[in-house]
**Q** 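Take a look at this one; I'll ask things after.
Read the numbers this way: they start at 1 and go in the same order the structure lists the ligands and their atoms. Remember, predicted model here, so these are calculated numbers, not experimental data.
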Amino acid sequence: MTTSTGSGQGLELKNVNKTFADGTTALDDINLSFPEGELTALLGPSGCGKTTLLRIIAGLESASTGTLILGGSDITTMPAYQRRFGMVFQSFALFPHLSVEDNVAYALSISGVDKTVRRKRALELLDLVKLAPLHARRIGELSGGQKQRVAIARALAQEPRLFLLDEPMSALDAQLREEMQIELRLLQQELGITTIVVTHDQREAMSMADSIVVMSAGHVEQTGSPQAVYSSPRSSFVASFIGKTNLLEGVVHDRQVEVAGVRLTPSSPPSFINGARVTVGCRPERTILHTDSQSSDQFIPASVKLVRDIGPVREVYLDADDRQLICELPSAGATRLSPGDAVRIEMPSEALHVYPRQESA
Ligand code: ADP
Ligand code: MG
């Protein structure tokens with residue numbers, strides 16, 4: 001089947017700020033580009049400004065200052081209905097009294113498309129989201145996953161130039177969410193449409209996106225491919241928000257960092273002055289557990305709290321320097337470990353990241 005949705009276009013945001021009437025600053029100097037045909041995830045904790053940014057992109061909210069450029073044209077002041085963007089809301093916002101087909105065809109009827117064409121187009125889209133057999137059903141007779149497919153088909157009906165989704169999976173249970181993530185990604189790739197997905201779920205962002213924009217408190221913390229953001233988090237916030245990270249506090253001495261009385265040597269020397277208070281981070285799968293009593297005092301002392309065998313991996317929860325850390329080991333051939341055992345942990349130089357300490361954390 002050939003369902004053309006028109007090619008998506010790239011979007012640029014320049015110096016976008018938003019302060020609401022009550023004085024709340026929701027966005028602080030956002031500069032981003034969303035490349036044509038790619039799926040970008042806006043990721044961050046609740047309240048960091050994701051929905052506000054998506055609504056400004058959609059034209060449902062205006063920026064206090066800043067510029068939006070779509071495919072080379074300035075759309076900053078263009079009204080929402082002229083932008084021709086498809087939007088899927090967290091609540092789906094379907095029309096409960098209309099059939100599945102009429103929900104999808106609705107947007108076309110307002111733009112004056114002929115009835116036969118409307119019907120054909122709605123059925124093509126429903127086929128795309130695997131709902132064609134249910135076209136005559138009422139919305140109330142659908143499951144959560146089916147409603148979401150209707151919302152997606154409806155958003156695509158007008159051949160949108162941008163496809164915007166705000167927490168599209170949040171009403172679905174865990175298993176369905178994962179299925180829909182895969183389906184949505186396949187659909188987006190098939191259509192080649194420029195897409196922005198808002199989510200607070202790092203797994204969802206990692207598994208679907210070409211690139212991730214990590215937001216915190218109204219600003220952009222980091223952008224990059226899922227792999228780049230995971231392997232080189234630029235701040236302790238990103239390191240702990242994207243996946244798990246073992247974080248310990250330290251102080252810089254020359255090219256080393258002293259952590260719990262042990263000197264660690266990061267492979268890229270920290271660019272901090274002597275005496276700077278820093279946070280060091282290392283992923284659980286890169287953190288090495290030493291159990292033999294001879295183990296070197298170059299490693300950080302820790303005690304075992306809990307051991308969890310989860311299929312192929314064993315997670316060991318530890319206390320070290322008043323922090324909880326996790327080591328992820330292969331299950332097979334794992335040594336006996338019991339709560340209270342004294343061990344040492346190694347954060348290898350090449351897996352060690354050094355961040356400025358966020359005193360509030
Ligand atoms: P997110 O989608 O990341 O959870 P939002 O964009 O909804 O975050 O909100 C960002 C911040 O802006 C929050 O502090 C929120 O309370 C505030 N906010 C959102 N909408 C309004 C509004 N209409 N008036 C005042 N403050 C708002
Ligand atoms: Mg939101």
**Q** Does atom 26 (N) of ligand 1 have any protein heavy atom closer than 4.0 Å?
**A**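 There is a protein heavy atom less than 4.0 Å from atom 26 (N) of ligand 1.
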
**Q** Report, as yes or no, whether the 6.0 Å neighbourhood of atom CD on Gln175 holds more than 12 heavy atoms from other residues, nucleotides or ligands.
**A**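 Count not over threshold, so no.
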
**Q** At what distance is the nearest protein heavy atom to atom 7 (O) of ligand 1, and which residue and atom is it?
**A**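 Result: Thr51 CB, 3.8 Å.
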
**Q** Flag atom 22 (C) of ligand 1 as yes if some protein heavy-atom distance to it falls below 4.0 Å, otherwise no.
**A**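 Yes, at least one protein heavy atom sits under 4.0 Å from atom 22 (C) of ligand 1.
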
**Q** Mark up the atoms of ligand 1 that fall under 4.0 Å of a heavy atom belonging to Ser46, in ascending order.
**A**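 Within the 4.0 Å cut-off of Ser46, ligand 1 contributes 4 (O).
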
**Q** Within less than 2.8 Å of the Mg ion (ligand 2), any N, O or S from Thr51?
**A**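 Looking at Thr51, which is the residue asked about, there is an N, O or S atom under 2.8 Å from the Mg ion (ligand 2).
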
**Q** Suppose we measure from atom 8 (O) of ligand 1 to each protein heavy atom; which comes out shortest, and what is that distance?
**A**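 Answer for atom 8 (O) of ligand 1: Gly49 N, 3.3 Å.
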
**Q** Quick one: does Gly44 get a heavy atom under 4.0 Å from ligand 1?
**A**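 The answer is no: ligand 1 sits nowhere under 4.0 Å from a heavy atom of Gly44.
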
**Q** Should Leu165 and Leu128 be regarded as members of a common hydrophobic cluster, given that ILVMFWY residues are connected when their side-chain heavy atoms come within less than 4.5 Å of each other, either directly or indirectly?
**A**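 Shared cluster, yes.
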
**Q** On a heavy-atom basis, I'd like to know which of Gly23, Gly47, Ala26, Gly218 is closest to atom 4 (O) of ligand 1.
**A**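 Considering heavy atoms of Gly23, Gly47, Ala26, Gly218, the nearest to atom 4 (O) of ligand 1 sits in Gly47.
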
**Q** Determine, stepwise, if the pair Tyr106 / Phe95 fulfils ring-ring contact (aromatic ring centres under 6.0 Å, His included).
**A** CA-CA 9 Å; Tyr106 179 78; Phe95 304 115; 4.6 Å; yes

**Q** Return the residue, atom name and 0.1 Å-rounded distance of the protein heavy atom closest to atom 17 (C) of ligand 1.
**A**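 Protein heavy atom with the smallest distance to atom 17 (C) of ligand 1: Thr24 CG2, 3.9 Å.
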
**Q** For Arg203, I'd like to know if atom CZ has over 12 heavy atoms of other residues, nucleotides or ligands within 6.0 Å.
**A**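 Result for CZ/Arg203: open.
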
**Q** Counting heavy atoms only, which part of Thr52 comes closer than 4.0 Å to ligand 1: side chain, backbone, both or neither?
**A**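 The answer is both.
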
**Q** Please determine whether a side-chain nitrogen of the Lys or Arg among Lys18 and Glu61 lies less than 4.0 Å from a carboxylate oxygen of the Asp or Glu.
**A**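 Salt bridge: yes.
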
**Q** Among all protein heavy atoms, pick the one closest to atom 20 (N) of ligand 1 and tell me residue, atom and distance.
**A**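 Here the closest protein heavy atom is Phe20 CZ, 3.4 Å.
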
**Q** Evaluate the criterion side chain to side chain contact (heavy atoms under 4.5 Å, CB included) for residue pair Asn31 and Val220; output intermediate values, then yes/no.
**A** CA-CA 8 Å; Asn31 289 280; Val220 172; over 6 Å; no

**Q** Using the rule that two of Ile, Leu, Val, Met, Phe, Trp, Tyr join whenever any of their side-chain heavy atoms come within less than 4.5 Å, decide whether Ile288 and Leu248 are in one cluster.
**A**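 Looking at the clustering, Leu248 is in a separate group from Ile288.
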
**Q** Please determine whether a side-chain nitrogen of the Lys or Arg among Glu315 and Lys244 lies less than 4.0 Å from a carboxylate oxygen of the Asp or Glu.
**A**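 A salt bridge links Glu315 with Lys244.
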
